[in-house]
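In this chain, numbering begins with 1 at the start of the sequence shown. Note that the structure is a prediction, hence the values are computed from the model and not measured.
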Amino acid sequence: MNTKSNSFFYSCKCIKQFVLIAALLLSAIGYVSAQNSKNTEKFDGYLFAYFEGTGKAREQEQIRFAVSENAVNWFALNQNQPVLRSEVISQTGGVRDPHILRGEDGKSFYMVATDMFTHRNGWDNNPGIVMLKSDNLLDWKHSIIDLEKLYPKKFKNVKWVWAPQTIYDPKAKKYLVYFTVRFHNDEKLDFYCAYANKDFSAFEKEPKLMFRAKYGAIDGDIIYKDGLYHFFFKGNTKDANGKEIKNGILKAVGKSLQGPWKEEFEYLDAYAAKGVSVEGSSVFKLNNSDEYFLMYDLYRDKRFEFQRSTDLKKFSAGPESFTKNFAPRHGSVISITRDEARRLQARWGGVPETLLQPTSDADLHRFEAKGNPIITHKFTADPAAIVKGDTLWMFIGHDFAGNQRNYKMKDWLAFSTTDMKTFTEHPVPLKITDFTWATSGDAFAGHVAERNGKYYWYISTNWTGIGVAVADRPQGPYKDALGKPLLTNKDCYDSSHSWACIDPAIFTDDDGTPWIFWGNRECYYAKLKDNMIEIEGEIRKIDFPGFSFTEAPWVHKYNGKYYLTYASEFPEKIAYAMADNIQGPWEYKGILNEIAGNSNTNHQGIVEFKGQWYFLYHNGGINTDGGSFSRSVCIDKMYYNADGTIRKIEMTTKGVQ
């Protein structure tokens, strides 16, 4: 063969080798990508599917959900009541060990669970599993898989079918369901598996043996990482006489879901050497991190704990505890987006407010008010409102958490609505840290006013004074307009206590004159200059017969009359007075709104919107952590009598719907 021919065949051989290598690389990349595609999305939190370990026994074996922003602090949805009823989705009336999985398309969700109701039927037998599929995490189609009935030849003598899980097999391009099986005539606990059909309602074929651990195993959980499948399970060690001498979380590894599996005999959980039993292990990857959590159920102690790892080989020596408001048993975790968290909130409630809070104008939180309180995903207080076009804007204080024992308020919030039914939450527009002079750190009540195309947010800061921030639009963001307080305790000339200079309210008269009212114990008012950031003229004090003023002044106008509403006495009621002139004299008219339930304070806003007057206020109405320092904004309709007086406000749970 001549040199040219040799070169030609050599080139062909190189090309073939290159194509083969490229194909293998692309295959490998596709394989890894398929396994890890869900980790490339932007996730903001976590969803935990579990069944409950406390409470009424007949209610425990039901699927429940919880949500976390950081995978450590968990909050039960639906007040820890089932999100799926076992009597509807199962054959036995009970389900355990739910495993939830996000589909490869990123939009579908798969869940499997043990079909077993031990409260009624005991532990002797369970027929199979349930399979569920959803495209929104809320509505689930279910199928009952009874192995003994569907596959009598193989599973006629089945005793247990436990703890199913699902994993996507990129080679087969199918979802593989695997679970523990024990037969009546064989004490060995083995893992069986079968591929699900396309609609995830049944198995394609009879399940087959997947993996047989040396001493048997339950509660399998498979994670793919770095070219290996890591098969976690609860296993044990036996002596020469077959007596169990140790148990805990073990692992096997394999390059294929079809095996072979190499069993490793090193216990991974921190309790195996201590003789403390754990089970129900589940491994999940943290968002935006290389770290994994191995969590497990300390079922005898009713605890759920976890250990950390970055390689799935070595785990942190010391276990850590979750904080939670429920007592979970065997479950599983997936990552969720902020939109998915909001979807869960709308259906069941309980999502932590930090997962719902918008982060940008492209990320708004829309929700439907279901009566009073209108906002139930966070604690809100001191409402103020303005109308701009066809939109009502609410500017609200924010109680930091539930069950508080003092006022902890660090920012202000903005909400909008066009129909008083659907509300939009906007990104946090203003924080106490935006006022460098406000060393109190307290974000107390405020009020927004529009003038000359700008929006001015007047805020109180407890003892450091009243400030003003400015923005180009109602939703902000706002910035400190002065770099110092607009008003301080020195301006409250007839007051001696440190929190006298709070609760600003703005009223712009028909002639365009802006006025500011404020105070605690004593009520003060003054004109504002046209620039809205300076006081014009003298500061005056309001007083008249019957005026028992505590705080929260608000001024509005109707049919030529001026109305001053305010919080009176303590616990606070809302009283009001009327006048023919903004500077009085004022005539006391009585109590407008009674004590707001379990809240010692009340703070009103009054606004006309699309021909209807509304009365905004707060109470402590969120169960179970609402109260005087963890309040909730409410809205009811307000009406006038023929003589111009206001009908007493009827506080309702129905609200304005």
Side-chain angles (χ1 to χ4, degrees), residues 367-387 390-397 399 413-425 445 447-448 503 505 550-559 561 563-569 571-578 589-623 626-628 630-657:
F367 61 94
E368 185 173 332
K370 299 176 182 178
N372 283 327
I374 61 168
I375 302 163
T376 58
H377 61 278
K378 57 181 56 178
F379 295 93
T380 53
D382 307 327
I386 64 171
V387 174
D390 68 346
T391 302
L392 174 74
W393 288 89
M394 296 191 305
F395 308 95
I396 295 175
D399 286 333
L413 307 174
F415 295 80
S416 63
T417 181
T418 58
D419 60 8
M420 303 300 287
K421 296 178 182 179
T422 301
F423 290 81
T424 299
E425 181 177 10
H447 192 153
V448 172
D503 292 1
T550 303
E551 59 187 2
W554 182 283
V555 174
H556 76 279
K557 195 173 184 179
Y558 173 72
N559 284 351
K561 297 286 186 179
Y563 295 77
L564 170 66
T565 52
Y566 53 92
S568 179
E569 302 178 344
E572 295 174 352
K573 304 174 184 179
I574 300 301
Y576 81 107
M578 294 174 61
K589 292 297 182 181
I591 298 299
L592 182 58
N593 189 29
E594 294 290 346
I595 296 170
N598 62 338
S599 173
N600 286 332
T601 63
N602 205 339
H603 192 119
Q604 79 295 349
I606 295 173
V607 66
E608 183 184 17
F609 181 54
K610 296 186 177 180
Q612 173 66 55
W613 285 88
Y614 293 97
F615 185 85
L616 291 72
Y617 60 101
H618 67 235
N619 63 19
I622 290 183
N623 288 327
S628 292
S630 301
R631 297 158 294 180
S632 303
V633 167
C634 302
I635 305 177
D636 280 302
K637 293 179 180 179
M638 191 180 85
Y639 300 94
Y640 297 90
N641 296 311
D643 62 357
T645 58
I646 306 174
R647 295 184 198 174
K648 198 168 186 178
I649 300 298
E650 181 183 355
M651 293 182 288
T652 70
T653 55
K654 182 180 179 181
V656 299
Q657 305 306 312

(message) If I compare all heavy atoms of M578 with all of G644, which pair ends up nearest, and what's the gap?
(response) CE-O, 3.8 Å
(request) Measure the spacing between NE2 of H556 and CD of Q604 and express it to the nearest 0.5 Å. (result) 10.0 Å
(request) Would you confirm whether N641, through its side chain, and D643, through its main-chain N or O, come within 3.5 Å as a donor-acceptor pair? (result) no
(message) Distance check, rounded to the nearest 0.5 Å: K378 atom NZ versus S630 atom OG?
(response) 14.0 Å
(message) Do D390 and K610 have side chains that approach each other closer than 4.5 Å (heavy atoms only, starting at C-beta)?
(response) yes
(message) Can you confirm whether T380 sits close enough to M394 that some side-chain heavy atom of one is under 4.5 Å from a side-chain heavy atom of the other?
(response) no
(request) Please name all residues satisfying side chain to side chain donor-acceptor pair (under 3.5 Å) with T550, sequence neighbours left out, ordered by chain then number. (result) none
(request) Determine, step by step, whether V656 and Y614 satisfy the side chain to side chain contact (heavy atoms under 4.5 Å, CB included) criterion, reporting the C-alpha distance in whole Å, the side-chain angles of both residues, the deciding distance to 0.1 Å, and the verdict. (result) CA-CA 9 Å; V656 299; Y614 293 97; 3.7 Å; yes
(request) Just jot down the ring-ring contact (aromatic ring centres under 6.0 Å, His included) partners of Y576, sequence neighbours excluded, or say none. (result) none
(request) Kindly compute the distance separating CG (N602) from CD1 (I595), expressed to the nearest 0.5 Å. (result) 9.5 Å
(request) May I ask you to test the P373-N619 pair for a side-chain heavy-atom distance under 4.5 Å? (result) yes
(request) Mark yes when over 12 heavy atoms from residues, nucleotides or ligands other than K557 sit less than 6.0 Å from its NZ; otherwise mark no. (result) yes
(request) Taking all heavy atoms of P553 and all of L564, pick out the closest pair and write down the distance. (result) CB-CD1, 4.2 Å
(message) Taking CD in Q612 as the centre, count heavy atoms belonging to other residues, nucleotides or ligands within less than 6.0 Å. Is the count above 12?
(response) yes
(request) Flag the pair L413 / I375 as yes when at least one side-chain heavy-atom distance between them is below 4.5 Å, and no otherwise. (result) no
(request) Enter the distance from Y640:OH to W613:CH2 here, rounded to the nearest 0.5 Å. (result) 4.0 Å
Using a 3.5 Å cut-off and no angle test, enumerate the donor-acceptor pairs between side-chain atoms of residues 646-653 and protein atoms at least two apart in sequence or in another chain.
| unit_1 | atom_1 | unit_2 | atom_2 | d |
| --- | --- | --- | --- | --- |
| K648 | NZ | E594 | OE2 | 2.5 |
| T652 | OG1 | D636 | OD1 | 2.5 |
| T652 | OG1 | G655 | N | 2.8 |

(request) Walk me through it: do F615 and T565 pass the test side chain to side chain contact (heavy atoms under 4.5 Å, CB included)? (result) CA-CA 11 Å; F615 185 85; T565 52; 5.5 Å; no
(request) Please tell me if the side chains of H603 and R631 come closer than 4.5 Å, counting only heavy atoms from C-beta onward. (result) no
(message) For G620, is there any backbone N or O sitting under 3.5 Å from a side-chain donor or acceptor partner on N598?
(response) yes
(message) As an exercise, state the distance from CG of L592 to CD1 of I606, rounded to the nearest 0.5 Å.
(response) 6.0 Å
(request) Find out whether Y617 and N593 are in side-chain contact, i.e. whether some heavy atom of one side chain is under 4.5 Å from a heavy atom of the other. (result) yes
(request) Would you please test Y563 and K589 for side chain to side chain contact (heavy atoms under 4.5 Å, CB included) and show each step? (result) CA-CA 10 Å; Y563 295 77; K589 292 297 182 181; over 6 Å; no
(request) For residues V633 and A381, report the shortest heavy-atom separation together with the two atoms involved. (result) CG2-N, 3.8 Å
(message) Which heavy atom of F395 sits nearest to which heavy atom of A414, and what is that distance?
(response) CD2-CB, 4.4 Å
(message) Contact between H447 and W554 at the side-chain level, heavy atoms closer than 4.5 Å - yes or no?
(response) yes
(message) Nearest 0.5 Å, please: how far is OG1 in T417 from CZ in F423?
(response) 4.5 Å
(request) Check S632 against F379 and note the closest heavy-atom contact, atom names and distance. (result) OG-CD2, 4.4 Å
